[in-house]
Protein chains: 4
Amino acid sequence: MSELKVGVLGAKGKVGQVVCEAVDAADDMVLVAAVDQDDDIDALVTSGAEAVVDFTHPDVVMDNLEFCIDHGIHAVVGTTGFDEGRLDQLRTWLGNSPRTGVLVAPNFSIGAILMMRFATEAARFFESVEIVELHHPTKADAPSGTARRTAEMIAAARREAGLGAPPDATSTGLEGARGAEVEGIHIHGLRIRGLVAHQEVVLGGIGETLTIRHDSLDRASFTPGVLLGLRRIAQTPGLTVGLEPFLDLD
Amino acid sequence: MSELKVGVLGAKGKVGQVVCEAVDAADDMVLVAAVDQDDDIDALVTSGAEAVVDFTHPDVVMDNLEFCIDHGIHAVVGTTGFDEGRLDQLRTWLGNSPRTGVLVAPNFSIGAILMMRFATEAARFFESVEIVELHHPTKADAPSGTARRTAEMIAAARREAGLGAPPDATSTGLEGARGAEVEGIHIHGLRIRGLVAHQEVVLGGIGETLTIRHDSLDRASFTPGVLLGLRRIAQTPGLTVGLEPFLDLD
Amino acid sequence: MSELKVGVLGAKGKVGQVVCEAVDAADDMVLVAAVDQDDDIDALVTSGAEAVVDFTHPDVVMDNLEFCIDHGIHAVVGTTGFDEGRLDQLRTWLGNSPRTGVLVAPNFSIGAILMMRFATEAARFFESVEIVELHHPTKADAPSGTARRTAEMIAAARREAGLGAPPDATSTGLEGARGAEVEGIHIHGLRIRGLVAHQEVVLGGIGETLTIRHDSLDRASFTPGVLLGLRRIAQTPGLTVGLEPFLDLD
Amino acid sequence: MSELKVGVLGAKGKVGQVVCEAVDAADDMVLVAAVDQDDDIDALVTSGAEAVVDFTHPDVVMDNLEFCIDHGIHAVVGTTGFDEGRLDQLRTWLGNSPRTGVLVAPNFSIGAILMMRFATEAARFFESVEIVELHHPTKADAPSGTARRTAEMIAAARREAGLGAPPDATSTGLEGARGAEVEGIHIHGLRIRGLVAHQEVVLGGIGETLTIRHDSLDRASFTPGVLLGLRRIAQTPGLTVGLEPFLDLD
């Protein structure tokens, strides 16, 4: 089997460097172009890149992707800032390049995706569920975006199953003690030096609890998801949003 | 909606008493017969029981089930000791009573079933996986049956995904330090006063781990599974093995 | 060694029954009087009780203790509602009965006491610390009294060590996401069906965290502390507040 | 207050580099010499170093320390390979340099030291105790040295308290399921990709458990202990073994 020729955009950024190393280390792909902001993007074409990874900046990512799609180069994109308008623009461009695939994902950590998925699947079986997310203390937002998204998914699953609000007899106490609420699901955010990014979903019913916890101990944790995206995007024309479809869960 | 009329066999046993209380407390069912070893099983018929729960003894469960099937009474069975021979016997009897359903399950804890299921689903995404089970110190077997079964399910999922043995550079140390192995999956059993029944599956890949933990804090944790079984067995003619089919997982 | 003769006040209450069983089961003591509200408290004297356990009610506990102190019977008291006024009253009574000992403790769980103690001892070594308490959903107050007390103890230890507020860059988010604050220490309260009473203190510094967790899985968890109190109170004249002095920690 | 002048031996090694950065970043010290194997150790003297950190190699550490002690330079030593003979040699040299202090410690992680300390302190209060250590899968030994040492400390505390073996009714099962035993204490070693170095001590009594867990998520976790050692060693003439005395625990 021939190796996939991969280009990396934003190759000198923190994330880009880790991506370059991961592609280098993979048996089934080869890094043919490492492009940063001062480099000519044509290097993707001259190097014969079949697929690129883009962890750049919201200001430049659309130009990058227009170029890639024009040249029939598949793309795996972790850059932030995609709204429906941008996704529609990508769909339009891809309409003119029907064999090209683009994956845009907010999260490449397979562990985090499975944690959200399992918590959602389990939600309808348990009366109670709450979310605890733990991060380094330099994080600006609380709760985390992943925790909010998890709460939304769980709330939807509970509604669909006809479950009401989780039981809670709290009648006295201190403000904030029961955390934030997103669609009725309580979220608690800890900020602790030494931690990276962690989330735990605790579900409980009569006499038992089920706890699903994801720990990201190193920023390299997103690389297996990026490599998976690269391996699949060439066979997946059009726009894919989120890595989950590539996980082939039932 | 009319209430389901439920009989309980082994009603004075530890488990049977908890089942009786749970049926009593459920809105959609009514306890019509509580039968123990000194009682006449005909009470099931005279009381109009539509479904029974059997947590009795391997010596008597087959007689109980023959009686139930003969009388078209559905059964939810948690008694142990079922091998393929016994299951085949049930299938034969059920062949003559085509509208009757029997559920035989080794485990009625929904949390434990989901834990095993999620661990198995996640297995192919992670290089490493090990199992830790923690129980009260009066347990006779180590590892637990649930841990063994989980290991078998994970090992099968890894084989199917083409994964080899998890990485392990251990070259020196003490016997037993790496636990027991079931089909190449390491299991560690703790016995701690104060605990009931707990299991944790730890999966790990580059820079991240996913941990799925089930805690049974009270023996009543099996009752939601028994009630679920009762609610579904009347609509499920024939033999069902294991509660999982009733969970409607994708 | 002769057995300690023990009386139990509130013997028919939930807690009192468990205390009676625990005293019965202990090798070095014997239950000589089980007194409830309709019984005559003189049974303590006629039975020769050397020490009593009182888990009764704030309305009656002071009368009980006056009786015990008058008769030179030592007391181990878990009844709530003690303020400084009541403690001073006990000290006065005990001044007239110089060989009698009374222990009043808000918490007899040795595990909980050690958790608070260790968290406090560790506090000055870590930049960050937060508290997560998890309880059954029928609890009325949030955060728990134990969590508040732990926060106060940690805050005092940090002040003494000259530590300022833990780092926290949160600048945007949802109300309550960062929990309640007690003297600058964040507390998060979860309410989950299936749980009993649990608390975790997470401390963190550069590259590492230390987590101290107490799980109470069964209300019987307070009995070893009560027995320890009984064994020590006869040798400890006067008033002792809190079980910790009897733990002989350095 | 004047800054402490610090030299680092093994300055280009992985650990040494992290030490150099930590000294640089500390307000109360200044890095005056970064010496590696090809550099002249006299740089310590010419730079006016008051204290050194040595993370080098068993083959050279004794020469390094003889030089430092001869020149009245205090030393904080994390190099491995110290036996009683080497420690005695250090004591002899220090006898001739009565104002110089040397700290030799196997572990500079304050979290790990506290975890061992608290587990040992708690040991006499709980019937059951077991150790779970979790590390990256490239570790050669199982169980870890820290786990063995913890087991020895716990076993000694239990013996002193007159406790026998923890309860364990295991009569059937698979080899290794109950882990390794060190002085009667069970240790379980997990090897999981994505983990760094983690240890959990689980203690249990009637109805409750106490869990003390240390997570090292980044190798930089040892630097606060090294800095603490530097701050204290100038005021601590002679040989100190282990960081614990500098933690001022009660």
Side-chain angles (χ1 to χ4, degrees), chain B residues 125-145 147-148 151 165-183 185-196 198 200-211 215 217, chain D residues 126-145 147-148 151 165-183 185-196 198 200-211 215 217-218:
Chain B
F125 297 107
F126 293 95
E127 256 187 280
S128 297
V129 57
E130 302 199 14
I131 298 169
V132 183
E133 53 94 341
L134 312 94
H135 285 83
H136 55 89
T138 53
K139 185 172 179 62
D141 55 321
S144 69
R148 284 180 188 232
D168 183 1
T170 310
S171 57
T172 174
L174 299 179
E175 213 174 290
R178 295 284 291 113
E181 274 188 65
V182 170
E183 300 186 18
I185 305 302
H186 291 253
I187 307 178
H188 311 269
L190 279 72
R191 297 294 172 263
I192 302 278
R193 182 78 73 210
L195 290 180
V196 181
H198 314 255
E200 189 166 289
V201 182
V202 185
L203 303 113
I206 297 174
E208 67 174 353
T209 59
L210 179 68
T211 305
D215 290 275
L217 293 92
Chain D
F126 293 95
E127 258 187 278
S128 297
V129 57
E130 302 199 14
I131 298 169
V132 183
E133 53 93 342
L134 311 94
H135 285 83
H136 55 89
T138 54
K139 186 173 179 58
D141 54 320
S144 70
R148 284 181 188 231
D168 182 1
T170 310
S171 57
T172 174
L174 298 179
E175 213 175 289
R178 293 284 292 113
E181 273 188 67
V182 169
E183 300 187 17
I185 306 302
H186 291 254
I187 307 177
H188 311 269
L190 279 73
R191 297 296 171 261
I192 301 277
R193 182 78 72 210
L195 290 179
V196 182
H198 314 255
E200 190 166 289
V201 182
V202 184
L203 303 113
I206 297 173
E208 67 175 351
T209 60
L210 179 68
T211 305
D215 290 275
L217 292 92
D218 188 295

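It should be emphasised that the depicted structure is a prediction, and the values quoted were computed from it without experimental measurement. Naming convention: chains lettered A, B, ... in sequence-line order (proteins, then strands); numbering from 1 in each chain.
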Problem set entry | Contact origin within D:Ile187 toward chain B - heavy atom pairs under 4.5 Å | backbone
Exercise. Given that the side chain runs from C-beta out, which part of D:Pro166 has a heavy atom under 4.5 Å from chain B: side chain, backbone, both or neither?
Worked result: neither
Seminar exercise, completed: Under 4.5 Å to a heavy atom of chain D? For B:Leu217 that would be neither
Exercise. Just how far is it from atom NE2 of B:His188 to atom NE2 of D:His188, taken to the nearest 0.5 Å?
Worked result: 8.5 Å
For this session: Identify which part of D:Ser171 has an atom lying under 4.5 Å from any heavy atom of chain B, answering side chain, backbone, both or neither.
Result: both
Exercise. Contact part of B:Ile192 toward chain D, heavy-atom cut-off under 4.5 Å: side chain, backbone, both or neither?
Worked result: both
Exercise. Who among B:Ala177, B:Gly173, B:Pro167 has the most heavy-atom pairs with chain D under 4.5 Å?
Worked result: B:Ala177
Exercise. In terms of heavy-atom pairs under 4.5 Å with chain D, which of B:Val196, B:Ile206, B:Asp168 leads?
Worked result: B:Asp168
Exercise. What heavy-atom pair brings D:Arg178 and B:Leu190 nearest, and what distance separates the two atoms?
Worked result: NH1-CA, 3.8 Å
Seminar exercise, completed: By residue number, those in residues 131-138 of chain D with heavy atoms under 4.5 Å from heavy atoms of chain B are D:Val132, D:Pro137, D:Thr138
For this session: Using a 4.5 Å cut-off on heavy atoms from C-beta on, say whether the side chain of B:Glu175 contacts that of D:Glu175.
Result: yes
Exercise. Side chain, backbone, both or neither: which part of B:Val182 has a non-hydrogen atom closer than 4.5 Å to chain D?
Worked result: side chain
Problem set entry | Over all atoms of both residues, closest heavy-atom pair of B:Glu181 and D:Leu174 | O-CD1, 4.2 Å
Exercise. With a 4.5 angstrom heavy-atom cut-off, which part of B:His186 approaches chain D: side chain, backbone, both or neither?
Worked result: neither
For this session: Identify the heavy atoms of B:Glu130 and D:Gly189 that sit nearest to each other, and give their distance.
Result: OE1-O, 4.0 Å
Seminar exercise, completed: Ranked by heavy-atom pairs below 4.5 Å to chain D, first place among B:Ser144, B:Pro143, B:Gly204, B:Ala142 goes to B:Ala142
